[in-house]
Amino acid sequence: QVLLVESGGGWTQAGGSLRLSCASSGRIFSSYAMGWFRQAPGKEREFVAAISASGAGTLYTDSVKGRFTISRDNGKNTVYLQMNSLKPEDTAVYYCAGTGSRLGSTSTRAYDYWGQGTQVTVSS
């Protein structure tokens, strides 16, 4: 079983920055691709970013390209999402997820493990 715990959410004004962290309890963290998803009220959960098990490959949804950066530290069993130039439309609960595949995916169905989520609120 893999336990994922997110932290770093909060409130900021438009144009601000936040850094999300997701710590994993699994001993095989380095073999899991990781992803970040978000869900706004009344909307479906959507893909934000993913990173391969090695960290060499990353994927982003178009709306966050150039503003968000996903990274990981396999020595600390942690994946990060650095969010800059935040917009009100980025407001959502952000979830990290892990998959036994070494490559990331944009689909929620590809992920086996999920964190509990952390709220990000961006005011205009």
Side-chain angles (χ1 to χ4, degrees):
Q1 186 69 19
V2 175
L3 180 64
L4 302 176
V5 179
E6 301 100 334
S7 61
W11 174 88
T12 186
Q13 290 186 323
S17 298
L18 288 172
R19 188 194 194 201
L20 305 184
S21 299
C22 174
S24 170
S25 64
R27 292 181 293 174
I28 53 175
F29 177 78
S30 61
S31 65
Y32 280 72
M34 300 295 295
W36 285 97
F37 290 77
R38 65 187 180 188
Q39 188 166 19
K43 294 186 177 182
E44 293 187 352
R45 192 169 299 189
E46 65 173 0
F47 169 77
V48 177
I51 189 167
S52 65
S54 68
T58 56
L59 296 169
Y60 296 93
T61 192
D62 286 346
S63 62
V64 308
K65 285 180 180 177
R67 300 189 298 122
F68 291 11
T69 302
I70 189 171
S71 62
R72 66 190 295 159
D73 185 336
N74 286 346
K76 296 182 178 180
N77 283 8
T78 301
V79 62
Y80 306 97
L81 186 68
Q82 178 66 44
M83 305 185 294
N84 299 328
S85 302
L86 282 161
K87 304 175 181 180
E89 51 263 45
D90 294 318
T91 296
V93 177
Y94 283 70
Y95 299 89
C96 74
T99 172
S101 169
R102 298 192 66 84
L103 299 177
S105 171
T106 62
S107 172
T108 58
R109 290 172 292 181
Y111 291 84
D112 306 300
Y113 305 104
W114 293 85
Q116 82 289 349
T118 185
Q119 177 70 47
V120 170
T121 303
V122 184
S123 64
S124 56

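Every heavy atom of this structure was used, including side-chain atoms; hydrogens, water molecules and symmetry mates were not.
If you take OG on S30 and CG on N77, they are separated by 7.5 Å, rounding to the nearest 0.5 Å. Taking CD of E89 as the start and OG of S63 as the end, the distance is 8.5 Å to the nearest 0.5 Å. The line from SG of C96 to CD of E6 is 4.0 Å long, rounded to the nearest 0.5 Å.
Between Y80 and D73 there is a side-chain heavy-atom pair separated by less than 4.5 Å. Taking 4.5 Å as the limit, some side-chain heavy atom of M83 sits within range of a side-chain heavy atom of L20. Taking the side chain as every heavy atom from C-beta outward, R102 and S52 never approach each other to under 4.5 Å. Residues T91 and Q119 meet the side-chain proximity criterion, which asks for heavy atoms closer than 4.5 Å. Put simply, the side chain of Y32 does not reach to within 4.5 Å of the side chain of N74, judged on heavy atoms. Annotation: side chain of F47 is not in contact with side chain of T108 (no heavy-atom distance under 4.5 Å).
Heavy-atom minimum distance, G104 versus A50: CA-CB, 4.1 Å. Closest heavy-atom contact between A49 and L81: CB-CD1, 4.2 Å. Taking every heavy atom of both residues into account, S24 and V2 meet most closely at OG-CG1, 3.5 Å. What you find for S123 and P88 is that their closest heavy atoms are C-CG, 4.4 Å. Listed here is the closest heavy atom pair of A14 and S124: CB-CA, 4.3 Å. A pairwise comparison of heavy atoms in G98 and M34 identifies CA-SD, 3.6 Å as the closest pair.
Of the residues listed (Y95, W114, Y94), the one engaging F37 in a ring-ring contact (aromatic ring centres under 6.0 Å, His included) is W114, and it is the only one.
The cluster map of Ile, Leu, Val, Met, Phe, Trp and Tyr, joined by side-chain heavy atoms under 4.5 Å apart, puts Y113 and W36 in the same cluster. Under the 4.5 Å side-chain contact rule for hydrophobic residues, Y60 and V122 share a cluster. The cluster map of Ile, Leu, Val, Met, Phe, Trp and Tyr, joined by side-chain heavy atoms under 4.5 Å apart, puts V93 and L4 in different clusters.
Judged purely by atom type and a 3.5 angstrom limit, S85 has no side-chain atom pairing as donor or acceptor with the backbone of R67. Between the side chain of S25 and the main chain of L3, a donor-acceptor pair closer than 3.5 Å is present.
Judged by the 6.0 Å and 45° rule, R72 forms a cation-pi pair with F29.
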With side-chain contact (heavy atoms from CB on, under 4.5 Å) as the test, would you mind laying out the steps for W11 and L18 before giving the verdict? CA-CA 9 Å; W11 174 88; L18 288 172; over 6 Å; no
Show your working on side-chain contact (heavy atoms from CB on, under 4.5 Å) between I70 and V79 and close with a plain yes or no. CA-CA 7 Å; I70 189 171; V79 62; 4.0 Å; yes
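Pairs engaging residues 31-41 under the salt bridge (Lys or Arg N to Asp or Glu O under 4.0 Å) rule: R38-E46, R38-D90 [sequence neighbours left out].
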